[in-house]
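Counting convention: from 1, in listed order, for ligands and their atoms alike.
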Amino acid sequence: MVVKLDTSPLKEWRGYNGRPFLISGPCSAETEDQVLETARQLASLKKISVFRSGIWKPRTRPNSFEGVGYEGLKWLKRVKEETGLLVGTEVANEKHVYEALKYGIDMLWIGARTSVNPFTVQEISNALNGVDVMVLVKNPVNPDLELWIGAIERIAKAGIKRLGAIHRGFSAYEKTSYRNQPNWQLPIELRRRIPDLPLICDPSHISGTREFIHEISQKALDLNYDGLMIESHIDPDNALSDSQQQITPGELNELLSRLILRNPSPTDPRLLDVLGELRQQIDIFDDHLIDLIEQRMKVAETIGRYKKENNITILQSMRWDEIVKRVMIKGKTKGLSPEMVDTIFKAIHQESINHQMRIMNNGIIKE
Ligand code: PEP
Ligand code: MN
């Protein structure tokens, strides 16, 4: 199924005067005062479209704060009445959906630990059938684009038109400076596959600490995301969940004022001319890259034939190690990131092995 969206409601996604659509609020609703005070301060910024707050919290370990539950829906309703902000919360089963709708919640989001499970997403989709509410689907915790698209398709099938995706990063075993790996290529590919789907970045959950929220937000805007969801709290250090990554509404205001908004679709013909010319150069280099890889594979195939005749294994670990070291050093002198050089050469090496395998197993490759 191809997700088919009615693009007319997309206009409202552009927030204030073509600026990004902003969602903010605490990770969790803790007390009525905390919720209302955060909302009042956010509303006074006049930049936020949706006030977010988790009511039911999916925590990694038991005995952590698991949310205030249904009680919190009343507080969100008050936020809406007092501040005029739209309100949103996370839903993880059909009961959550029914309760949230009963309290007039405007936006529901499906969390990363829920979008990973097709049974649960289908249950939520059934509960949403025929309802007009805004729904945002977070990426699943694992970097599986098909699973993310599958969850979006299930919700689209319920007839939800105001549908969007939230990129919140992916879990990884290795510890890096970010709490969750951004894997930007996944949301970029999502955008290529479903161009009309609004895409929101959640820099708070990618970052895991305050210090990276700005750089991730700027990157998302430079990649032409439609909006940002940033966690905010009146007293972040004492928050009951995600305390390290929350910022005060004042800090949020300061962060937003430092973000640079660039033009996603220039119309000035002179600018387009220059861009067109540069893009032609990029296309020429891409063609060169393909030709070079083809030539490299031909040499690898000759080596494969030689290995076959002399009964040598395909993988010569020392040689591979030598190649990696050589290209890493060379890449560094050219200002290329070691991650990129590593990824590209692993892929090229695998392709060489595949070509040589075909030769070993009786040469399906044409001479
Ligand atoms: C959240 O938004 O507070 C949350 C629990 O997010 P995620 O599903 O991305 O972990
Ligand atoms: Mn959180």
Side-chain angles (χ1 to χ4, degrees), residues 21-30 34-35 38-39 42 48 50-62 64-69 72-73 75-76 86-93 96-97 100 105 107-117 120-121 124 134-144 147-148 151-152 155 164-172 178-183 186-187 190 199-210 212-213 216-217 220 225 227-248 252:
F21 188 77
L22 296 176
I23 303 168
S24 188
C27 177
S28 303
E30 298 166 6
Q34 166 248 6
V35 167
T38 312
L42 288 172
I48 311 297
V50 181
F51 177 79
R52 66 146 279 159
S53 186
I55 302 289
W56 302 283
K57 298 304 297 177
R59 305 308 300 280
T60 304
R61 306 282 297 270
S64 319
F65 172 66
E66 294 193 315
V68 292
L73 292 171
W75 307 342
L76 285 180
L86 298 177
V87 290
T89 198
E90 173 173 348
V91 289
N93 59 39
H96 293 167
V97 173
I105 303 299
M107 181 275 272
L108 307 177
W109 83 82
I110 299 179
R113 290 163 197 78
T114 304
S115 61
V116 82
N117 183 344
T120 315
V121 177
I124 293 172
M134 191 188 298
V135 181
L136 302 178
V137 181
K138 284 201 173 195
N139 66 258
V141 275
N142 56 326
D144 184 340
L147 195 57
W148 193 5
I152 292 162
I155 302 302
I166 302 180
H167 169 219
R168 54 76 79 194
F170 304 87
S171 299
Y178 292 162
R179 174 179 173 190
N180 288 297
Q181 298 301 300
N183 290 339
L186 269 93
L190 175 68
L199 181 59
I200 308 279
C201 184
D202 172 349
S204 305
H205 287 89
I206 293 176
S207 176
T209 58
R210 281 159 215 147
F212 302 120
I213 297 175
I216 297 166
S217 304
Y225 278 50
L228 301 169
M229 168 145 123
I230 301 179
E231 286 184 341
S232 59
H233 191 289
I234 37 165
D235 183 9
D237 287 334
N238 291 307
L240 297 181
S241 59
D242 288 350
S243 62
Q244 310 233 40
Q245 71 194 30
Q246 301 204 61
I247 54 178
T248 63
L252 176 71

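Atom 4 (C) of ligand 1 has H205 NE2, 3.5 Å as its closest protein atom, hydrogens excluded (heavy atom only). The protein atom (non-hydrogen) at minimum distance from atom 9 (O) of ligand 1 is R168 NE, 2.6 Å.
In this structure, A165 and L190 approach most closely via the heavy-atom pair CB-CD2, 3.8 Å. Looking at every heavy atom in both residues, S115 comes nearest to I110 through N-CG2, 3.9 Å. Annotation for Q246 and P26: closest pair OE1-CA, 3.4 Å, computed over non-hydrogen atoms. The two residues A29 and V35 have their closest heavy-atom pair at CB-CG2, 3.5 Å.
Distances from atom 7 (P) of ligand 1 to the heavy atoms of K138, E90, R52 show the closest one on K138.
Some N or O of A112 is nearer than 3.5 Å to an N or O of ligand 1, by distance alone. Checked against a 3.5 angstrom limit, the closest N/O atoms of D202 and ligand 1 fall outside it.
Using a 4.5 Å heavy-atom threshold, the side chains of L252 and L22 count as separate. Here the side chains of I124 and V135 are not in contact, with every heavy-atom distance at 4.5 Å or above. At least one side-chain heavy atom of N180 sits under 4.5 Å from a side-chain heavy atom of S171.
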Practice problem: Might you work through the side chain to side chain contact (heavy atoms under 4.5 Å, CB included) test for L76 and I55, ending with a clear yes or no? | Solution: CA-CA 10 Å; L76 285 180; I55 302 289; 4.1 Å; yes
Test log, rule side chain to side chain donor-acceptor pair (under 3.5 Å), inputs T120 and T114: CA-CA 7 Å; T120 315; T114 304; over 6 Å; no
Between R52 and E231, does the salt bridge (charged side-chain N to carboxylate O under 4.0 Å, His left out) criterion hold? Intermediate values first, please. CA-CA 8 Å; R52 66 146 279 159; E231 286 184 341; 3.4 Å; yes
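Judged by the shortest distance from any of its heavy atoms, G54 lies outside the 4.0 Å radius around the atoms of ligand 1.
Under a 4.0 Å criterion applied to the non-hydrogen atoms of K57, ligand 1 contributes the atoms 1 (C), 3 (O), 5 (C). With ligand atoms numbered from 1 in the order given, ligand 1 contributes 3 (O) to contacts under 4.0 Å with heavy atoms of C27. Near W109, the atoms of ligand 1 lying under 4.0 angstrom from a non-hydrogen atom of the residue are 2 (O). Those atoms of ligand 1 with a heavy atom of R113 less than 4.0 angstrom away are 7 (P), 8 (O), 10 (O). For ligand 1, the atoms lying closer than 4.0 Å to a non-hydrogen atom of G111 are 8 (O). The E231 neighbourhood of ligand 1 comprises atoms 1 (C), 3 (O), with distances under 4.0 Å to a heavy atom of that residue.
Note on ring orientation: taking the six-membered ring where Trp is involved, the planes of H167 and W148 are tilted (angle from 30° to 60°).
Side-chain contact check for D242 and H205: at least one donor-acceptor pair (N or O, by modelled atom type) lies under 3.5 Å.
Of all protein N/O/S atoms, those under 2.8 Å from the Mn ion (ligand 2) are C27 SG, H205 NE2, E231 OE2, D242 OD2, and waters are not counted.
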